[in-house]
Amino acid sequence: MRVLVTGGAGFIGSHIVPALTARGHEPVVLDRALRPGDDVRDPDAVARALRGVDAVCHQAAMVGLGTDFSDAPAYTSHNGLGTAVLLAAMASAGVSGLVLAGSMVVYGEGRYECPRHGSVRPGPRPYEELAAGRFEPPCPLCGAPLAPGLVREDAPADPRNVYATTKLAQEHLSAAWARATGGRAVSLRYHNVYGPGMPRDTPYAGVASFFRSALARGEAPRVFEDGRQRRDFVHVRDVAAANAVALEALRERPPGALTPYNTGSGTPHTVGEMAGALADACGGPAPVVTGEYRLGDVRHITADSARLRAELGWRPEVGFAEGMAEFARAGLGAAGAPSGGPS
């Protein structure tokens with residue numbers, strides 16, 4: 001199968017390309033990091049890249065929480081317009097298969113259980129609560145403490161920042177394309193992807209990259225809030241494998257629809273645990289818990305990836321300790337790249 005990989009020179013895309021090659025496919029890369037004119041927002045560049053292509057693996061995106069709301073036009077342009085241009089070109093070229101780099105950020109907060117009211121969805125955490133160091137969201141109905149759990153694909157979307165809104169828009173655009181053309185689409189909702197080649201020293205990188213960069217400078221990783229935020233850290237090679245199996249299974253998906261799949265390790269860890277594992281592996285200073293916070297961050301978000309395992313047979317192979325030890329030894333990618341990075 002000939003597969004166009006947008007953002008194929010970025011962090012995740014650069015792992016997907018060899019994973020496809022190893023399985024006998026022919027990847028074609030569209031990435032402005034290789035050729036400045038190869039921008040997914042350029043209809044001519046996309047049309048050229050789609051020639052002879054059987055399916056598309058769409059990784060190109062501006063990623064991360066960003067700096068402030070002034071980033072909104074750039075996110076909307078890269079993620080919204082870029083996806084629309086790509087899908088329009090696919091419709092014209094008759095390319096009917098798509099695997100989208102989705103993100104767990106579309107859920108907002110994760111799944112919570114109240115002992116009295118069952119499953120509940122807390123709203124955004126107020127500034128006053130965060131400033132007072134009260135980081136855990138209470139039950140929105142009775143104020144009781146909540147127990148975090150694993151979020152499933154049927155959870156309602158609740159994007160909490162500009163990046164999350166544009167990732168959800170990508171899914172809606174892809175679903176509309178599938179309905180209009182009879183195409184088959186999958187969105188792999190990545191959880192916290194880490195591993196060799198993560199971009200460094202940029203506000204758009206993931207938290208693992210921030211910690212790794214600090215340790216490389218001999219500095220202690222600075223952990224926000226109380227370090228007990230739960231995340232699902234999934235290795236980039238496992239994510240690349242998920243893309244490969246999703247592409248191969250496209251013919252089995254229903255035409256005219258988009259199917260979302262959580263893509264995570266299935267084993268939650270706290271941000272503090274991740275910082276400690278990296279510091280131990282690097283032999284660097286222990287993490288410092290700062291109590292700082294970012295508006296728009298969610299407290300807990302961890303994946304239930306059972307659907308991906310059951311329907312596509314995907315299994316993550318890189319364990320947390322093994323992956324963090326490897327990441328501590330590996331080099332980081334280029335600084336400042338806004339596309340093709342982690343979710």
Side-chain angles (χ1 to χ4, degrees), residues 11-12 15 63-65 100-113 119 121-122 135-137 146-155 157-161 163-164 167-168 186-195 198 205-212 221 223-243 245-246 260-278 297-312 314-327 341-343:
F11 168 43
I12 297 173
H15 288 268
V63 301
L65 188 59
L100 173 69
S103 176
M104 52 80 181
V105 296
V106 301
Y107 297 118
E109 285 285 352
R111 181 171 176 265
Y112 292 86
E113 291 290 329
S119 182
R121 292 185 59 80
F135 302 120
E136 293 288 348
L146 298 175
L150 301 181
V151 64
R152 296 186 294 267
E153 289 88 351
D154 58 359
D158 185 17
R160 299 286 176 89
N161 53 59
Y163 170 60
K167 295 305 290 183
L168 184 58
V186 163
S187 178
L188 297 178
R189 290 175 175 171
Y190 302 158
H191 281 247
N192 291 74
V193 187
Y194 74 97
M198 283 193 81
V207 66
S209 177
F210 294 154
F211 295 163
R212 177 69 177 78
V223 180
F224 279 17
E225 300 189 16
D226 57 4
R228 296 175 185 165
Q229 313 93 294
R230 285 161 49 104
R231 297 292 187 268
D232 186 318
F233 299 101
V234 58
H235 196 277
V236 66
R237 286 198 300 275
D238 287 331
V239 169
N243 276 271
V245 298
Y261 290 102
N262 286 335
T263 308
S265 71
T267 306
H269 290 275
T270 68
V271 173
E273 286 173 336
M274 188 265 286
L278 277 180
D297 271 353
V298 298
R299 178 60 174 173
H300 304 295
I301 177 69
T302 52
D304 182 345
S305 299
R307 184 181 196 177
L308 182 57
R309 298 175 187 228
E311 295 187 9
L312 301 187
W314 172 82
R315 296 286 187 279
E317 296 183 355
V318 183
F320 179 78
E322 171 195 353
M324 289 297 166
E326 179 201 25
F327 182 45
S343 284

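Numbers here simply count residues along the sequence, with the first being 1. As a basis for the values below, the full set of heavy atoms in this structure was taken, side chains included, without hydrogen atoms, waters or symmetry mates. Model, not experiment: these values are computed from the prediction.
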Side-chain (S265) to main-chain (D232) donor-acceptor, under 3.5 angstrom: no
Main-chain N/O of G206 paired with N192 side-chain donor or acceptor, under 3.5 Å: no
Can you find a heavy atom in the side chain of V193 that is under 4.5 Å from one in the side chain of F11? yes
T302 (side chain) donor-acceptor with G149 (main chain) under 3.5 angstrom: yes
Backbone of F224 reached by a side-chain donor or acceptor of Q229 within 3.5 Å: yes
Taking the six-membered ring for Trp, are F233 and H191 closer than 6.0 Å centroid to centroid? no
Quick check: does any side chain N or O of T270 sit under 3.5 Å from a backbone N or O of E273, one acting as donor and the other as acceptor? yes
Least distance between heavy atoms, L278 atom then A208 atom: CD1-O, 3.9 Å
Do E109 and R121 have side chains that get closer than 4.5 Å, going by heavy atoms? no
Could you work out, with side chain to side chain contact (heavy atoms under 4.5 Å, CB included) as the rule, every residue matching S187, not counting sequence neighbours? L100, E171, R189, L258
Measure the shortest side-chain to side-chain distance between L146 and P122 over non-hydrogen atoms and say whether it is less than 4.5 angstrom. yes
Which of these passes side chain to side chain donor-acceptor pair (under 3.5 Å) with Y261: R309, E153, R307, E311? E311
Is there a donor-acceptor pair closer than 3.5 Å between any side-chain N or O of E326 and the backbone N or O of G195? no
4.5 Å side-chain heavy-atom contact, N243 and Y190: yes
How far apart are the C-alpha atoms of H235 and E317, what are their side-chain angles, what is the distance that settles it, and do they pass the side chain to side chain donor-acceptor pair (under 3.5 Å) test? CA-CA 9 Å; H235 196 277; E317 296 183 355; over 6 Å; no
Are F327 and M198 close enough that some pair of their side-chain heavy atoms sits under 4.5 Å apart? yes
Do N262 and M104 come within less than 4.5 Å of each other through their side chains, counting heavy atoms only? no
Under the side-chain contact (heavy atoms from CB on, under 4.5 Å) rule, what do H300 and Y112 come out as? Steps first, then yes or no, please. CA-CA 9 Å; H300 304 295; Y112 292 86; 3.4 Å; yes
I'd like to check the ring-ring contact (aromatic ring centres under 6.0 Å, His included) partners of F320; sequence neighbours left out, ordered by chain and number. H269
With the side chain counted from C-beta on, respond yes when P137 and V298 share a heavy-atom pair under 4.5 Å apart, and no when they do not. no
Report the C-alpha distance between D238 and W314 in whole Å, list the side-chain angles of each, state the deciding distance to 0.1 Å, and finish with yes or no for side-chain contact (heavy atoms from CB on, under 4.5 Å). CA-CA 9 Å; D238 287 331; W314 172 82; 4.0 Å; yes
